[in-house]
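Along the sequence shown, residues carry numbers from 1.
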Amino acid sequence: WGHLARTPGDVHVTGHYLGVMPTAAERALDEAISVPGGRQLIAEHTRRRWLVGALGEVSYFPGHTPGGTGDSLVVRAAVAGMGRVGTFSESNAVRLYASLVRELAGLACVEHAVTVPIGSGAGNLSIDQVAHALVVGCGEGLAGLPPEDRRLRQVSVVELSRLRAEK
């Protein structure tokens with residue numbers, strides 16, 4: 001139970017639908033990495049169509065210097081593409097998590113990833129479906145990776161709603 005941007009980690013991850021402006025956790029992450037009162041980076045990239053959101057595509061954004069001011073603990077952000085609205089299924093969630101874990105596992109600077117239950121937003125997958133997709137996708141993503149490419153040691157899933165977090 002907690003806030004994505006206030007949970008310590010090496011990278012903070014959220015999902016992004018093709019062509020959809022950031023809302024919920026993605027917007028909170030955008031606010032955490034953007035200059036207060038300035039343009040929102042993820043929203044700007046979406047508006048300019050630089051951030052596509054194709055299924056499994058991962059885009060990175062710089063965050064804040066560790067130990068800086070404010071309550072954001074985001075030093076780097078990753079946005080994982082979810083494809084078109086209305087097409088995100090449990091099998092797509094497995095593909096997204098597998099792609100994300102394969103990519104993060106090979107980054108020297110990432111041992112701990114923090115994410116939200118991607119795909120569990122209003123009217124989409126249930127928490128049970130996302131939890132299943134997360135476990136299966138992480139397993140598939142790590143399968144076959146040589147030990148030297150397995151730097152990712154921990155994935156923390158945070159949820160702002162206490163009731164959803166308990167589930």
If you look at every heavy atom in Gly81 and Leu96, which pair is closest and at what distance? O-CD1, 3.1 Å
Nearest non-hydrogen partners of Cys138 and Val101, listed with the distance: SG-CG2, 3.4 Å
Members other than Val52 in its cluster, when Ile, Leu, Val, Met, Phe, Trp, Tyr link by side-chain heavy atoms under 4.5 Å? Leu18
Please say yes or no: joined through hydrophobic side-chain contacts below 4.5 Å, possibly via intermediate residues, are Ile127 and Val158 part of one cluster? no
Please assess Leu51 against Val79 for the test side-chain contact (heavy atoms from CB on, under 4.5 Å), listing each intermediate value before the final yes or no. CA-CA 9 Å; Leu51 177 60; Val79 178; 4.2 Å; yes
For Ala105 against Leu145, the heavy-atom pair lying closest together: CB-CD1, 3.7 Å
Once salt bridge (Lys or Arg N to Asp or Glu O under 4.0 Å) is applied, what residue pairs with a partner in residues 73-83 remain, sequence neighbours excluded? none
For Phe61, what residues pass the ring-ring contact (aromatic ring centres under 6.0 Å, His included) criterion, not counting sequence neighbours? His45
Apart from Leu160 itself, what residues make up its hydrophobic cluster, given side-chain heavy atom links below 4.5 Å? none
Transitive ILVMFWY cluster of Val136, excluding itself - 4.5 Å side-chain cut-off: Val94
Donor-acceptor pair, distance only, cut-off 3.5 Å: does the side chain of Ser34 make one with the backbone of Leu41? yes
For Ala5 against Val74, the heavy-atom pair lying closest together: CA-CG2, 3.7 Å
Test side-chain contact (heavy atoms from CB on, under 4.5 Å) on Glu26 and Ile42; report intermediate values, then the result. CA-CA 8 Å; Glu26 185 180 15; Ile42 298 172; 3.4 Å; yes
Look at the side-chain heavy atoms of Ile, Leu, Val, Met, Phe, Trp and Tyr, link any pair under 4.5 Å apart, and say whether Leu29 and Val155 land in one connected group. yes
Please write out which residues are connected to Met21 in a hydrophobic cluster, directly or through intermediates, given that two of Ile, Leu, Val, Met, Phe, Trp, Tyr count as joined at side-chain heavy-atom separations below 4.5 angstrom. none
Can any side-chain N or O of Thr87 pair as donor or acceptor with the backbone N or O of Arg84 at less than 3.5 Å? yes
Of all residues at least two apart in sequence or in a different chain, which pass the side-chain contact (heavy atoms from CB on, under 4.5 Å) check with Glu90? Gln129, His132, Ala133
Which atom of Leu4 lies closest to which atom of Ala25, heavy atoms considered: CD2-O, 4.1 Å
Taken in chain and number order and not counting sequence neighbours, the residues that satisfy side-chain contact (heavy atoms from CB on, under 4.5 Å) with Val135 are none
Leu107 side, atom CG; Asp10 side, atom CG - distance, nearest 0.5 Å: 10.0 Å
Check: residues 108-120 side-chain donor-acceptor pairs under 3.5 Å, at least two apart:
from	atom 1	to	atom 2	distance (Å)
His112	ND1	Pro8	O	3.4
His112	NE2	Ser156	OG	2.7
Thr115	OG1	Val13	O	3.2
Ser120	OG	Pro117	O	2.8
Ser120	OG	Arg164	NH2	2.6

Assess whether atom CZ of Arg39 is packed by more than 12 heavy atoms of other residues, nucleotides or ligands within 6.0 Å. no
Kindly write out the residues that satisfy side-chain contact (heavy atoms from CB on, under 4.5 Å) with Arg162, not counting sequence neighbours, or none if the list is empty. Trp1, Glu166
Rounded at 0.5 Å granularity, tell me how far CD in Glu103 sits from CD in Glu57. 9.5 Å
Would you name the heavy atoms of Glu140 and Ala98 that are closest together and state the gap between them? CB-CB, 4.2 Å
Who passes side-chain contact (heavy atoms from CB on, under 4.5 Å) against Asn92, sequence neighbours left out? Leu55, Phe88, Ser89, Arg95
Look at the side chain of Arg49 and the backbone N and O of Thr46, then say whether any donor-acceptor pair between them is shorter than 3.5 Å. no
For residues 11-40, which residue pairs qualify under ring pair (Phe, Tyr, Trp, His ring centres under 6.0 Å), counting only residues two or more places apart or in two chains? none
